[in-house]
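Report on the structure given below.
Because only heavy atoms are used, hydrogens play no part in the values below, and waters and symmetry mates are left out as well, while side chains stay in. Given the structure is predicted, the values throughout are model-derived calculations rather than measurements. Note that ligands are numbered from 1 as they come in the structure, with each ligand's atoms numbered from 1 the same way.
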Amino acid sequence: MAMLGMIKRVTQISRNYSRVRVYPVRHFQSKDLSNTNSFHGEDAKLPVLIVGAGPVGLVLSILLTKLGVKCAVVDKATCFSKHPQAHFINNRSMEIFRELDGLAEEIERSQPPVDFWRKFIYCTSLSGSTLGTVDHMQPQDFEKAVSPASVAHFSQYKLTNLMLKRLEHLGFHVRSRKELDGLELDSVIARQILMGHECVGIDVNKDSVTATVSFLGGGKHMKRNVQCSLLVGADGAGSAVRKLTKIEMRGERDLQKLVSIHFMSRELGEYLMIRRPGMLFFIFNTEGIGVLVAHDLQQGEFVLQIPYYPPQQSLSDFSPEMCKMLIFNLVGHELSDLDVADIKPWVMHAEVAEKFMCCENRVILAGDAAHRFPPAGGFGMNTGIQDAHNLAWKIAALFQGSAKSSILNTYETERRPIALFNTSLSVHNFRAAMAVPTALGLDPTVANSVHRFINKTVGSILPTGLQKAILDNVFALGRAQLSESLLNESNPLGNQRLSRLKSIFDGGKSLQLQFPAEDLGFRYLKGAIVPDNKSEDPKVPSGRRRDYVPCAEPGSRLPHMHVRILSGSTKEIVVSTLDLVSTEKVEFLLIISPLQESYELACATFKVAKEFIANVKVCVAWPSSEEGVERDSKSALAPWENYADVMEVKRQDDEGTSWWSICKMSERGSILVRPDQHIAWRAKSSVTLESTSHMRDVFSTILGKQ
Ligand SMILES: Cc1cc2nc3c(=O)[nH]c(=O)nc-3n(C[C@H](O)[C@H](O)[C@H](O)COP(=O)(O)OP(=O)(O)OC[C@H]3O[C@@H](n4cnc5c(N)ncnc54)[C@H](O)[C@@H]3O)c2cc1C
């Protein structure tokens with residue numbers, strides 16, 4: 001109860017406090033900033049202010065800082081949440097985390113062993129009968145053939161801690177409320193994370209954005225104005241930045257309301273590690289229905305998700321004592337060490353913001369602020385992290401003067417279609433998750449329809465207690481379908497339902513965990529790229545697992561292959577092609593073969609990049625055959641020196657596949673890669689036009705300088 005009281009108090013403070021004064025957003029259409037050079041850091045005190053210190057805001061602050069852009073973060077929460085929330089980190093996010101000073105490696109070391117989380121288990125209780133088990137790891141997931149990283153299972157709050165450690169190394173300082181008392185209102189706040197600071201107003205003029213943030217200082221409500229060149233709203237699903245700038249969400253609202261019960265029990269963790277280890281447990285019995293997320297079996301950390309039907313149900317119905325009862329019912333026995341840590345309601349939506357930026361590109365949305373979808377498939381945080389990765393190099397290129405402000409438009413052009421696609425994919429996955437209860441005779445859409453029906457009809461006439469009783473009875477009737485006397489092979493209906501379940505599991509038609517084709521294979525069709533004349537549109541989401549097929553079409557992530565760095569050093573250095581892209585500066589990478597015409601193209605590219613104040617590195621990919629050949633591109637590329645000779649390292653089981661065949665290109669081709677490892681341009685075979693003017697067109701298009 002104390003916990004619930006606290007939740008209410010915090011909400012109340014926030015509500016009172018969010019008598020948000022919507023500052024006029026001036027000069028929106030008044031000037032085309034792309035014609036001015038007013039995005040330079042010196043014009044405003046702070047180049048970038050990030051609102052929200054969730055995973056997206058923190059990743060963006062790390063990336064920007066590494067690329068030399070000063071930023072600061074404000075968050076309305078007084079401390080970082082301990083609620084585990086997201087836990088599945090997909091392959092592409094892990095690749096991005098490899099760039100963040102060993103973050104991916106630290107996650108791999110710290111996460112629970114894969115055998116403890118590779119399965120989803122469907123059962124009547126954690127100690128009752130198993131209805132089905134689905135293993136989501138396939139042999140190829142361990143081979144690291146298509147990516148140098150693997151998917152991971154690691155709770156969001158632990159990830160936040162590792163990100164904060166990186167930020168500390170980069171010179172950031174987290175200022176808690178206590179430390180804020182000494183901070184002057186007009187002090188420079190670059191490289192600071194100000195906790196307890198809520199963004200309540202945004203004022204934009206032609207040169208800068210001023211965010212008004214409110215905080216408690218010396219026991220009083222105070223306001224601080226933070227002036228910056230760009231403001232990124234990474235402030236989550238209920239984004240104040242989005243509301244203040246009047247950006248609407250589009251899509252389906254209120255798909256499902258749920259309550260998350262965060263609890264600890266080492267006893268349950270040990271039991272499951274021995275008896276039936278898994279990541280998600282879908283539990284169906286006559287007393288209750290819920291999904292248990294095993295965040296860490298070794299530490300005994302869990303979150304139970306249960307459907308929630310307000311206004312007939314209220315959060316006070318989920319007291320810690322009631323939650324314990326619910327947990328015992330679903331576990332199938334009592335637990336001596338059960339400790340309920342936190343109880344939180346949340347609503348599932350499938351919505352994407354109508355636009356990702358406004359105010360002449362000075363206010364930008366990222367992460368849940370721009371899109372919120374069902375967690376089925378774990379695309380929420382992952383999509384947000386990839387937003388930050390797309391945005392960071394564009395902001396850095398703008399501040400360095402190599403790009404025009406119109407490059408920021410390409411953030412929306414590229415990321416919004418991905419958000420729409422992932423929304424649709426997550427809705428498909430959410431529906432696939434419903435296949436199992438539906439086969440058990442528990443169509444969840446019926447429960448939602450009954451609930452909506454009660455709200456629309458008797459909702460205003462009958463007392464809430466009576467409505468709740470009706471709803472409880474309807475649900476109890478539904479759950480009666482799960483009784484052991486019905487759900488067994490000797491009962492004809494039970495038998496029919498169990499065989500339907502088997503065909504769902506065997507046919508891969510239940511909720512999937514991995515989507516390699518979408519996770520690694522997402523592609524930008526237009527934006528800061530020069531598309532091929534003819535390219536296929538991405539396949540529509542199916543909700544089924546599909547393998548990733550390497551692709552070197554512009555807009556795709558650069559395919560991965562191991563290459564050996566050829567240098568004077570005797571130490572053999574083998575890296576992924578993805579590692580050839582710099583993480584420390586905004587630098588394009590041109591991959592070529594050691595052919596005269598390709599060297600000429602490389603020299604032209606160096607020359608053009610210099611005109612654009614852009615950095616380019618050339619990678620010369622030597623085939624792995626021919627021993628004893630001298631492999632040094634120095635004389636062919638002179639006077640340019642920023643190049644690396646690398647040699648293909650073919651996999652033992654795949655001797656015949658060369659780099660260019662992975663890319664489905666001729667060795668006379670070349671690939672220009674952006675700082676976010678996506679392909680900006682390619683020539684499938686040699687460039688037939690005059691190289692310098694061709695590359696000038698390419699850079700103009702990518703950097704928005706046309
Ligand atoms: C049950 C559940 C399970 C999930 N599982 C997964 C998963 O496995 N994988 C996955 O990828 N995703 C998952 N998600 C989604 C994931 O949690 C979110 O997508 C992710 O938290 C979004 O990160 P964010 O940084 O955009 O926003 P948030 O994490 O919401 O962070 C926003 C921050 O902004 C702050 N803030 C808000 N308003 C203001 C303001 N006015 N001023 C200042 N600060 C403000 C908040 O305090 C907060 O710290 C799950 C979600 C749920 C609910």
Side-chain angles (χ1 to χ4, degrees), residues 10 14 17-18 20 49-61 72-81 83-94 117 151-157 159-160 163 193-202 211-215 224 226 231-244 256-262 279-280 291-293 295 303-306 342 344-349 353 365-388 419 422-423 426 429-430 513 515 519:
V10 171
S14 193
Y17 214 30
S18 59
V20 173
L49 176 69
I50 299 167
V51 179
V56 176
L58 295 182
V59 165
L60 182 62
S61 54
V73 188
V74 290
D75 197 292
K76 71 175 179 184
T78 48
C79 58
F80 289 94
S81 169
H83 196 87
Q85 206 148 310
H87 53 97
F88 179 66
I89 308 176
N90 73 14
N91 211 159
R92 183 62 189 140
S93 296
M94 285 295 276
W117 54 265
V151 299
H153 171 55
F154 196 57
S155 307
Q156 188 167 327
Y157 76 93
L159 178 63
T160 303
M163 287 176 182
I193 301 175
L194 304 185
M195 300 305 290
H197 273 60
E198 179 172 1
C199 176
V200 294
I202 295 175
T212 302
V213 284
S214 66
F215 63 102
R224 180 193 304 280
V226 182
L231 182 145
V232 180
D235 51 344
S239 171
V241 172
R242 191 183 66 225
K243 288 174 190 156
L244 288 167
Q256 181 84 61
K257 294 189 173 71
L258 294 114
V259 169
S260 285
I261 306 167
H262 175 203
M279 176 197 273
L280 297 189
V291 180
L292 182 77
V293 186
H295 276 265
V303 173
L304 177 64
Q305 306 283 0
I306 32 183
D342 192 9
K344 257 176 64 163
W346 62 281
V347 187
M348 201 189 281
H349 306 285
L365 301 179
D368 273 17
H371 41 72
R372 44 190 192 186
F373 23 84
F379 274 92
M381 176 182 73
N382 287 303
T383 307
I385 283 160
Q386 292 150 28
D387 290 343
N422 288 351
T423 307
S426 305
N429 297 342
F430 173 60
L513 177 68
F515 295 89
D519 172 352

Which N or O atoms of ligand 1 sit under 3.5 Å from a protein N or O, and how far apart is each pair?
unit_1   : atom_1 : unit_2 : atom_2 : d
ligand 1 : 8 (O)  : H87    : N      : 3.1
ligand 1 : 8 (O)  : F88    : N      : 2.9
ligand 1 : 9 (N)  : F88    : O      : 3.1
ligand 1 : 11 (O) : G378   : O      : 3.1
ligand 1 : 11 (O) : M381   : N      : 2.8
ligand 1 : 11 (O) : N382   : N      : 3.0
ligand 1 : 11 (O) : N382   : ND2    : 3.0
ligand 1 : 12 (N) : M381   : N      : 3.0
ligand 1 : 17 (O) : Q85    : NE2    : 3.1
ligand 1 : 17 (O) : Q156   : OE1    : 2.9
ligand 1 : 19 (O) : D368   : OD1    : 2.7
ligand 1 : 19 (O) : D368   : OD2    : 3.3
ligand 1 : 19 (O) : M381   : N      : 3.0
ligand 1 : 21 (O) : Q156   : NE2    : 2.9
ligand 1 : 25 (O) : P55    : N      : 3.3
ligand 1 : 25 (O) : V56    : N      : 3.1
ligand 1 : 26 (O) : D368   : N      : 2.9
ligand 1 : 41 (N) : C199   : O      : 3.3
ligand 1 : 42 (N) : C199   : N      : 2.9
ligand 1 : 44 (N) : K76    : N      : 3.0
ligand 1 : 47 (O) : D75    : OD1    : 2.7
ligand 1 : 49 (O) : D75    : OD1    : 3.3
ligand 1 : 49 (O) : D75    : OD2    : 2.6

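- Ring geometry, Y157 versus H262: the interplanar angle falls from 30° to 60°, so the pair is classed tilted.
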Please report the C-alpha distance between C199 and D235 in whole Å, then the side-chain angles of each, then the deciding distance to 0.1 Å, and finally whether the side chain to side chain contact (heavy atoms under 4.5 Å, CB included) criterion is met.
CA-CA 9 Å; C199 176; D235 51 344; 5.7 Å; no

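- The backbone N or O of N422 lies less than 3.5 Å from a partner atom in the side chain of S426, making a donor-acceptor pair.
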Report the C-alpha separation of N90 and M381 in whole Å, then their side-chain angles, then the decisive distance to 0.1 Å, and conclude whether the side chain to side chain contact (heavy atoms under 4.5 Å, CB included) test is met.
CA-CA 9 Å; N90 73 14; M381 176 182 73; over 6 Å; no

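- Looking only at atom types and distance, the side chain of Q305 has a donor-acceptor partner in the side chain of W346 under 3.5 Å away.
- Side-chain atoms of S81 come within 3.5 Å of backbone N or O of H83 as a donor-acceptor pair.
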